[in-house]
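Notes to accompany the following structure.
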Amino acid sequence: MTFTPAPWPRKLRSQEWYGGTSRDTIYHRGWLKNQGYPHDLFDGRPIIGILNTWSDLTPCNGHLRELAEKVKAGIWEAGGFPVEVPVFSASENTFRPSAMMFRNLAALAIEETIRGQPMDGAVLMVGCDKTTPSLMMAAASCDIPSIVVTGGPMLNGYFRGERVGSGTHLWKFSEAVKAGLMTQDEFLEAEASMSRSSGTCNTMGTASTMASMAEALGMALSGNAAIPAVDSRRRVMAQMSGRRIVQMVKDDLKPSDIMTKQAFENAIRVNGAIGGSTNAVVHMLAMAGRVGIDLTLDDWDRCGRDVATIVNLMPSGQYLMEEFFYAGGLPVVIKRLGEAGQLHMDALTVSGQTIWEEVRDVVNWNEDVIRPVENPLTPQGGIAVVKGNLAPNGAVLKPSAASAHLLTHRGRAVVFEDIDDYKAKINDEDLDIDETCVMVLKNCGPKGYPGMAEVGNMGLPPKVLRKGVTDMVRISDARMSGTAYGTVVLHTSPEAAAGGPLAVVRNGDMIELDVPNRRLHLDIPADELAARLAAWRPLPDQPTSGYAWLHQQHVMGADTGADMDFLKGCRGNAVGKDSH
Ligand code: FES
């Protein structure tokens, strides 16, 4: 990819606020001087917005204010002018009804935060699941030079000598309690071992996946994704990123130069190699929509199908992000893909170098954590996209987290109309269900929940767990936490709340899942399915005002990234009218 840097010096957009001697520029400059900035800082140097998702209620990003100080140091060193700006922060573990419902709201707010203010470049300080895509979507829609700095994962958890993976062990311990294999007191004791330091989930969950996607897309410096939050090298990375964004502004190196179709294809393959979260599918589709790249679910299947999962991390494997970093981190994985002919080597990165130039000399220090391609965790990783009369627009499944014997399965549907119906019935010993059944959950998609909650990996009934069974086929229009596992078909599109075929599945219907042939079939006659769909009516209980209403009216399907229809595309960063 050839990139020609813009000439420097030249007038930057921030000079529309701060350059010259007019009444308005004196007004803007004068007010900012109340922070004690000397006059010569307004001489036309790049002003860099450090967009910070720090929040006490986003604990995964709780250390980002300290980290921002290192970013600022780097910006000052490179001759820029840093301004730290707090932005909408959606915590995965706190926000109700679902952090996902607020990804688009955050992206909208942050897009306008960038466009409406004097920034020439942006450092995206992110970490917890939704913060990474929301800021990247905003930056893409503004197309202003931007670099991602993630907060990094937490240190390994340990309980009674064994690794404890964020989320992954929450689900495991919870199922063990239900099966009578663990006491409630032991569960409480384990709680203290789960989060040992600042940082994001220590598994290859959605946060680590999205950090990896940012790096694989070329939007973060090489090596950024895996450095633990509390490792001193995380702070070095922040400072180096601060230095780099100043040069990116001078060169006018923008997201649209980096986030190309080739870059997305690279990232999809990286997702397969790391056993990344299914959530990456909706986020990457939405990000591609913001830069005008035609990325589809079929691209996910096409690019990921032949990629072996080589990163041995929970939830698919055994280790955690700390070990991934010590093994060499994402650059080793990208190098392996390059050597296997599965990488667009000349894709540009924020460093100004190609992705191959960034990784060609790295070394793998632990071949049990990052496996050789000949000895993978799963020969065909990636995200499988299944289609059929139950999911005409597609549904996704993560083979590396599924049970091999369930990837081809025919079973009787046990239907839950929504998550409350599931909760009311699942522990009922009289529920007519066994391990051969297919659990079907409706009305948890982008419109339905609303906000596409992470409930697709619904827990198994206790009477099945007590038999020692730990997996069943589950199908829904929901998402699943990136830390979760199982033979779980997600993002079924169109969703039930939009009148998709999922809405008309009934108890006792037979369902066929055939992942090798990418098929998901509701085994009822076509005229019966048509009659049920014709009789379907939307649920009456809709939000009638506020953001939930806006979201429900405008959110698109999971198969296109669940963005809002009116937010798709790049709206640029032209400076608007002054109001004074
Ligand atoms: Fe925030 Fe996992 S809950 S990173």
Side-chain angles (χ1 to χ4, degrees), residues 52-65 67 87-103 106 124-136 148-157 163-174 190-191 193-215 220 224-231 234 271 274-280 282-283 313-316 320-322 324-325 330 398 401 451-457 478-485:
N52 201 334
T53 52
W54 166 85
S55 162
D56 276 341
L57 284 177
T58 308
C60 319
N61 298 11
H63 59 304
L64 291 188
R65 292 204 74 195
L67 206 58
V87 294
F88 194 112
S89 183
S91 169
E92 199 59 35
N93 48 59
T94 312
F95 246 109
R96 295 185 181 195
S98 145
M100 180 63 182
M101 192 171 98
F102 302 100
R103 182 201 67 180
L124 314 179
M125 305 268 326
V126 294
C128 195
D129 300 16
K130 303 301 171 293
T131 56
T132 307
S134 60
L135 269 70
M136 291 182 73
V148 173
V149 177
T150 53
M154 291 187 274
L155 297 176
N156 283 6
R163 285 181 192 82
V164 173
S166 313
T168 303
H169 275 80
L170 184 66
W171 324 130
K172 278 200 171 130
F173 291 156
S174 158
E191 176 190 320
S193 70
M194 289 178 181
S195 305
R196 285 182 52 227
S197 75
S198 300
T200 52
C201 290
N202 57 20
T203 42
M204 186 52 81
T206 303
S208 294
T209 298
M210 291 313 297
S212 300
M213 294 297 91
E215 187 173 328
N224 170 79
I227 308 171
V230 294
D231 193 297
R234 170 63 54 194
N271 185 271
I274 63 177
S277 166
T278 47
N279 284 326
V282 284
H283 298 326
L313 255 59
M314 296 180 205
S316 302
L320 295 168
M321 287 299 287
E322 209 181 322
F324 185 44
F325 174 59
L330 200 70
K398 182 172 159 184
M452 209 181 177
E454 289 188 333
V455 293
N457 58 315
R479 294 176 305 117
M480 167 173 94
S481 165
T483 62
Y485 49 87

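Computed from a prediction, not measured in an experiment: that's the story for all the values here. Whatever order the structure lists them in is the order used to number ligands and atoms, beginning at 1.
Taking a cut-off of under 4.0 Å to the non-hydrogen atoms of Ala207, the atoms of ligand 1 that pass are 4 (S). Residue Glu92 approaches ligand 1 through these ligand atoms, each under 4.0 Å from one of its heavy atoms: 3 (S). Per-residue contacts place Cys60 under 4.0 angstrom from the following atoms of ligand 1 (heavy atoms of the residue considered): 1 (Fe), 3 (S), 4 (S). Residue contact check: Asp129 has heavy atoms under 4.0 Å from atoms 2 (Fe), 4 (S) of ligand 1. Close contacts of ligand 1 with Thr200, meaning ligand atoms under 4.0 Å from a residue heavy atom, involve 4 (S).
Coordination check, Cys128 versus atom 1 (Fe) of ligand 1: passed, since an N/O/S atom of the residue sits under 2.8 Å.
Across all non-hydrogen atoms, the minimal contact from Pro59 to Ser91 is CD-OG, 4.0 Å.
With Ser89 as reference, Thr58 is the one residue of Thr58, Asp56, Thr53, Thr131 to meet the side-chain hydrogen bond (donor to acceptor under 3.5 Å, both in side chains) rule. Across Thr132, Val87, Thr200, a single residue satisfies side chain to side chain contact (heavy atoms under 4.5 Å, CB included) together with Val126, and that is Thr132.
In terms of protein heavy-atom proximity, atom 3 (S) of ligand 1 is closest to Asn93 ND2, 3.4 Å. Considering only non-hydrogen protein atoms, atom 2 (Fe) of ligand 1 sits nearest to Cys201 SG, 2.1 Å.
With 3.5 Å as the limit, one finds a donor-acceptor pair spanning the side chains of Thr150 and Asn224.
Distance check, rounded to the nearest 0.5 Å: OH of Tyr485 to NZ of Lys398 gives 12.0 Å.
Relative to the six-membered ring of Phe88, Lys130 misses at least one condition, a distance below 6.0 Å or an angle of at most 45° to the axis.
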